Amino acid sequence: MANSLTTNVTETFQKIYGEQPSMLLQAPGRVNLIGEHTDYSDGFVLPVAINLGITMAMRPREDSKVRVYSIDFDETMEIDLSDYQNTNDSWQEYIKSLAWALQEDGYELRGWDGVMAGNIPIGAGLSSSAALENIAAKAFALASDFTLSLAKMAILSQKGENQWVGVNVGIMDQLISAAGQQGHAMLIDCRTLEYEHIPIPDHVTFMVLDTMTRRELTNSNYNLRRQEVEQACEVMQIDLLRDCSQAMLCAFQEQLEPLIFKRAHHVVTENDRVLRFGEAMRTADLQKMGELLNQSHASLRDDYEVSSKELNTIVEISQAHPACLGARMTGAGFAGCALALIDAAQVDSFKQYVYDNYHAKTGIEPNIFPVDSANGVQVL
Ligand code: GLA
């Protein structure tokens with residue numbers, strides 16, 4: 001990911017603070033292969049950490065001030081750890097959210113100076129926020145001389161985003177950005193937080209299909225979907241949809257409002273698809289993997305209703321290309337990116353075909369690139 005970012009943050013750090021940074025950190029974004037809108041029901045997900053992310057140059061301070069300059073936003077955040085407020089300042093709140101979550105958890109924090117830059121498209125559904133949260137968690141831990149397990153880092157990053165930023169996200173993005181492994185996807189059980197790294201099969205490529213449409217998660221229907229699945233649980237008297245089988249859901253169909261039934265139906269069937277996709281991936285059953293991706297898209301479009309016109313268009317175009325084994329929207333939805341599993345030998349013709357057809361239908365130029373897997377948060 002990082003060569004040009006590393007040079008950029010290091011040189012900028014020297015210019016601003018007049019010294020070399022003492023540490024360089026890196027955190028990746030992610031693409032979710034399958035398991036969408038299942039994490040907050042304690043279900044299963046299967047994301048990959050990608051070679052796009054955030055790089056931070058930093059140096060611990062002796063006092064309780066935190067100063068971070070963002071090259072991308074050309075803005076500086078400056079806070080004192082003994083007194084800071086939520087001022088709704090976009091990226092800055094994600095760093096403050098970690099100060100808050102760590103302090104709430106009893107950690108004694110010391111200050112640090114930092115310079116950061118990233119290359120994840122923001123709002124595209126590739127988890128720029130989770131990367132920012134994890135890199136802030138790591139910076140606080142290094143500056144304050146404590147270690148955080150990867151699971152703990154993910155839990156506190158999620159807590160910060162839920163309670164400080166105010167978006168009720170699940171644990172997937174934070175955990176994959178913390179614990180991803182190059183060359184592998186990660187099957188996560190969001191109930192136990194246990195995970196398994198599954199090698200990405202040879203001869204296929206996952207392509208990211210960025211529709212170039214954007215959403216604001218805070219303004220989206222994301223929190224509404226969470227309420228809808230909670231309603232389903234209330235009727236069935238269970239804590240979370242992880243505890244619901246397809247047979248059980250069918251037994252309750254009469255008692256659930258049709259819309260609530262559809263929402264629950266997506267989650268319950270998607271959990272099953274994730275486990276089957278994991279099996280297919282272990283045995284490199286590419287056809288099966290593709291079919292499950294197509295089914296996941298249909299379920300997100302029709303049952304969960306988190307797709308969009310552009311996402312459906314790019315997925316349908318992709319599915320029509322002979323190299324494509326399967327395609328679906330990825331991430332929270334409403335806008336952003338889809339994903340296609342294709343024959344690695346046909347990357348160029350696939351890319352050209354999807355570009356031309358999507359552009360012709362929507363007037364928008366999409367951004368199409370292969371998923372290049374990466375490791376989770378690291379000190380370089
Ligand atoms: C966002 C959230 C995740 C997950 C996905 C949908 O990326 O951050 O926790 O819920 O949406 O699968």
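Counting starts at 1 for both ligands and their atoms, following the listed order. These numbers were taken from a predicted model, which means no experiment stands behind them. By convention here, the first residue in the shown sequence is residue 1.
Rounding to the nearest 0.5 Å gives a distance of 14.5 Å between CZ of R226 and CG of N221.
Put simply, the side chain of S177 gets close to the backbone of P28: a donor and an acceptor are under 3.5 Å apart.
Where the criterion is an N or O separation shorter than 3.5 Å, residue side chain and backbone included, H37 meets it with respect to ligand 1. Residue-to-ligand polar distances keep Y40 apart from ligand 1: every N/O pair is separated by 3.5 Å or more. Between M172 and ligand 1, not a single N/O pair is under 3.5 Å apart.
Atoms of ligand 1 lying under 4.0 Å from at least one heavy atom of R30, given by number and element, are 7 (O). Atom numbering of ligand 1 starts at 1 in the shown order; those under 4.0 Å from a heavy atom of G170 are 9 (O).
The heavy-atom pair separating L24 from T6 by the smallest distance is CD1-CG2, 3.3 Å. Across every non-hydrogen atom of L46 and A185, the tightest pair is CD2-CB, 3.3 Å.
By the 6.0 Å and 45° rule, K159 does not stack over the aromatic ring of W164.
Not a single heavy atom of M329 sits under 4.0 Å from any atom of ligand 1.
Considering each of V169, N168, D39, V167, the one bringing a non-hydrogen atom nearest atom 9 (O) of ligand 1 is D39. Compare D173, L126, N32, V45 by their heavy atoms: the one nearest to atom 1 (C) of ligand 1 is in D173.
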Exercise. Take T313 and T362, measure what side chain to side chain contact (heavy atoms under 4.5 Å, CB included) needs, and give me the verdict at the end.
Key: CA-CA 8 Å; T313 302; T362 61; 4.2 Å; yes
